[in-house]
Amino acid sequence: MATPAPQTDPTEARIAHLTLPAGGWSEAARSDALARLRSTGLPTRRDEYWKFTRPDALTQADTPKAGVLVDDEPPIFGDTDALRIVFDDGVFNAEASDDLALEHVTIERLGDTKADIHWAQGVYGVLEKAGQTPVARPLAALNTAFASDGVLIHATAKATRPINLVYNHRQEASDAILHHVIKIDADADLTIMESGPAAARFNKVMEVDVADGAAFHHVRAQGRDHERLAATHVFARLGTESTFKSFTLTVNGRLTRNDCVIELTGDDAIAHVAGACVGDGDFHHDDTVFITHDAERCESRQVFKKVLRNGAVGVFQGKILVKAGAQKTDGYQISQSLLLDEDAQFLAKPELEIYADDVVCSHGSTSGAIDEEALFYLRSRGVPAPIATDLLTLAFLAEAVDEIEDEALRDVLVARLEGWLERHRS
Amino acid sequence: MLTIKDLHVKLEEEDKQILKGVDLTVEAGKVHAIMGPNGSGKSTLSYVLSGRDGYEVTSGTAHLGDVDLLDIEPEERAAAGLFLAFQYPVEIPGVGNMTFLRTAVNAQRKARGEEEMSAADFLKEVRARAKELQIDADMLKRPVNVGFSGGEKKRNEILQMAMLEPKMCILDETDSGLDVDAMKLVAEGVNKLRSVGRGFLVITHYQRLLDHIKPDVVHIMADGRIVKTGGPELALEVENNGYADILAEVA
Ligand SMILES: Nc1ncnc2c1ncn2[C@@H]1O[C@H](COP(=O)(O)OP(=O)(O)O)[C@@H](O)[C@H]1O
Ligand SMILES: [Mg+2]
């Protein structure tokens, strides 16, 4: 008699060889998250927000493999004065990291704090949970439950240096789950840079609690490894007159899904989220943003630009939800793609949902090719076609890149984009 | 300098012949003007010479010195010394005017095997040239032609021409949309560049630009051909009598 193949539920299969870290302050949040994950299950193609992106590679049980790129460029933020915290395939590398000491900031590692009571309890899994409605984000729940490490950062005043989280990818087969908690007290100010491919597959959550009058700046560059997979979430809660600015550069990567979920809970808060990505060939990049205005006179901006060629796919799903009472909301959203050939594809789903009557919200999404008139004009002045194309491509990306306030960081990212464009000319 | 022989051009997409045998030679140091009614093919001639897509040369040749223009890419034509001041300069959002100019100058130098211009030298040079054309620092910083007035765009074309120091300059209706003062400024800019080694082909619809840029030779173009060639007096004839008489005379 033939034994029927075991009908394993994909969610159970995925978590079968993960261990729920037991004990300590995070235990309750972790089991709570596991219950959330089990109730929704991992995402499938049938889920409304996974229509354009096939989640299989992000949810599969087996540890994926991705070639480790022999990186010919120096570390992206290497010349920036920053406190560096290094993870290799998701494992903290103490030797390569700086001392976790920074004036006005306490920095601890999630994997290292075993106490029963911790300040991070008020944030860990809390913002993630809040961000599960109205749209479930099962990969984030999985992360909260099983994260092996991460950093817990608490800024009480303006930090004197930025913090650079460096994610190295060393082993071909690797699967990293990191969870960061960032708490910024009233009027404090913190900048976090993230860089590197992290692992063959990276699942990362960053919860950011920005108190009244505080500011958070986030600049990240996702690594260049072609086959890497990443599902990242940023969950942020913004207090009165606080500022949140996040920029992401993505070059390469087989599959990247970046979710950003922001709740403006205090009046006069500002949230800017921007991203630039460039992809050639086996590249699928998905930006999914959900911004909730739940206070008066808040401003939100979403600026996403994608340069795609040779079968690369870009996805943008961006929503602005303005709750009743969130008067004088100023919401702006733009997502654009530059398709460098006819094989590239851009899928966009911009959404506005507004329950207040005195608001200004605008959104736009376009897809286009290089402007032939402009190209000819440049060439007629002696600029060779490939250089002219690069100039026009950088010009297209400029609106997103200009969202980075720090000029030095902006220059660093532009230089990387120039390098990529030069390597990927037709 | 510029030698065009029996040039026939049709649209690539349509079966429409636009240039029907153009013969024209511009010698170094000379200014030639082409006048002609709208739609006679003046802009088409300038585009075909500079290598824009969309046209098909069905017969004829065009050389700059001994360089076969029709055989090479637009950027190579520019590096060989050809410059076209556009009738409608193109706006390029996101590309700074200075960046654009410096990239162009150095790309041409590189193509000719010359040394690139240093940032400092370039800045000095561009400031001096810009000042002569009353182009302020703000215009240099802004994206190429974006938000420029008609006059500013045309002055910006002349600035590019001054920086690139081409051998052969084609000006396509550089006077259109300019008031008298702006036209004088542009004409002065052009006159400064006149030299023994440089040829000019000034395309214009009206005689008035030719009061300021004195041509050596004037051609009348109609229906894709040069139908009459003469001295500066030909421009005055057009001014006084319009094209009708000339066209009737050659018909
Ligand atoms: N790209 C094009 N598509 C369609 N028609 C064109 C194109 N370029 C030129 N033409 C036509 O060719 C003729 C000559 O145009 P043009 O060279 O612009 O004349 P001019 O500059 O003398 O006014 C006109 O009939 C014009 O409509
Ligand atoms: Mg014309």
Side-chain angles (χ1 to χ4, degrees), chain A residues 249 274-276 278 303-307 334-338 340-341 364 366-404 407 410-411 413-415 417-419 421-422 425-426, chain B residues 46-55 69 72-97 99-112 114 116 143-146 153 156-157 159-161 163-166 169-170 172:
Chain A
L249 171 73
V278 288
V303 182
F304 286 88
K305 300 261 187 167
K306 295 174 165 61
V307 174
I334 187 148
S335 66
Q336 295 182 314
S337 73
L338 176 63
L340 293 179
D341 57 40
T366 63
S367 212
I370 286 280
D371 178 351
E372 290 295 333
E373 289 288 319
L375 186 64
F376 174 64
Y377 190 68
L378 291 169
R379 293 179 72 189
S380 79
R381 274 21 177 175
V383 182
I387 296 176
T389 304
D390 287 2
L391 267 179
L392 295 174
T393 305
L394 286 171
F396 164 79
L397 292 169
E399 189 188 356
V401 174
D402 286 348
E403 290 287 313
I404 305 169
E407 209 172 316
R410 197 191 315 149
D411 290 348
L413 297 196
V414 168
L417 280 166
E418 286 171 347
L421 291 172
E422 218 178 300
R425 283 176 182 159
S426 41
Chain B
S46 71
Y47 283 143
V48 168
L49 292 174
S50 49
R52 182 178 157 139
D53 282 343
Y55 304 100
L69 287 176
I72 56 178
E73 298 297 324
E75 53 267 40
E76 296 171 312
R77 301 181 196 200
L82 184 73
F83 181 91
L84 167 63
F86 281 52
Q87 180 172 3
Y88 304 107
V90 180
E91 298 188 6
I92 313 183
V95 176
N97 212 10
T99 308
F100 160 60
L101 258 176
R102 193 147 65 94
T103 308
V105 167
N106 282 333
Q108 289 204 13
R109 285 179 171 231
K110 200 172 157 196
R112 292 194 291 257
E114 298 164 12
E116 292 193 2
V144 180
N145 294 324
V146 177
K153 282 181 182 166
N156 201 32
E157 294 291 289
L159 173 66
Q160 291 167 38
M161 190 164 91
M163 290 301 296
L164 293 167
E165 302 183 321
C169 309
I170 305 174
D172 190 3

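Lettering follows sequence order; numbering is per chain, from 1.
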TODO: Can you label the angle between the A:Tyr377 ring and the B:Phe86 ring as parallel, tilted or perpendicular, going by 30° and 60°?
DONE: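 Ring orientation, 0 to 90° scale: perpendicular.
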TODO: Please look at A:Ala388 and chain B and tell me whether the side chain, the backbone, both or neither of the residue comes under 4.5 angstrom of a heavy atom of that chain.
DONE: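 Contact with chain B: none, neither part.
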Task: Heavy-atom contact with chain B under 4.5 Å, split by part of A:Ile387 - done: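 A:Ile387 touches chain B through side-chain heavy atoms alone.
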- [ ] Against chain A, work out which of B:Glu91, B:Gln160, B:Glu75 has the most heavy-atom pairs shorter than 4.5 Å and name it.
- [x] B:Glu75
Open item on the list: So which residue, B:Pro74, B:Ala107, B:Gly94, B:Ala78, ends up with the most heavy-atom pairs under 4.5 Å with chain A?
Closed with: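 Counting heavy-atom pairs under 4.5 Å, the top option is B:Pro74.
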Name the region of [X], side chain, backbone, both or neither, that has any atom closer than 4.5 Å to a heavy atom of chain A.
X        : value
B:Arg52  : both
B:Pro143 : neither
B:Asn145 : side chain
B:Val144 : side chain

Open item on the list: Taking atom OH as the centre, does B:Tyr55 end up with more than 12 heavy-atom neighbours from other residues, nucleotides or ligands that are less than 6.0 angstrom away?
Closed with: yes
Task: Rounded distance [0.5 Å steps], CG in A:Leu378 versus OG1 in B:Thr103 - done: 8.5 Å
Task: Nearest heavy-atom neighbours spanning B:Val95 and A:Ala395 - done: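 For B:Val95 versus A:Ala395, the nearest heavy atoms are CG2-CB, 3.6 Å.
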Task: Main-chain N/O of B:Leu84 paired with A:Arg381 side-chain donor or acceptor, under 3.5 Å - done: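 Yes: the side chain of A:Arg381 pairs with the backbone of B:Leu84.
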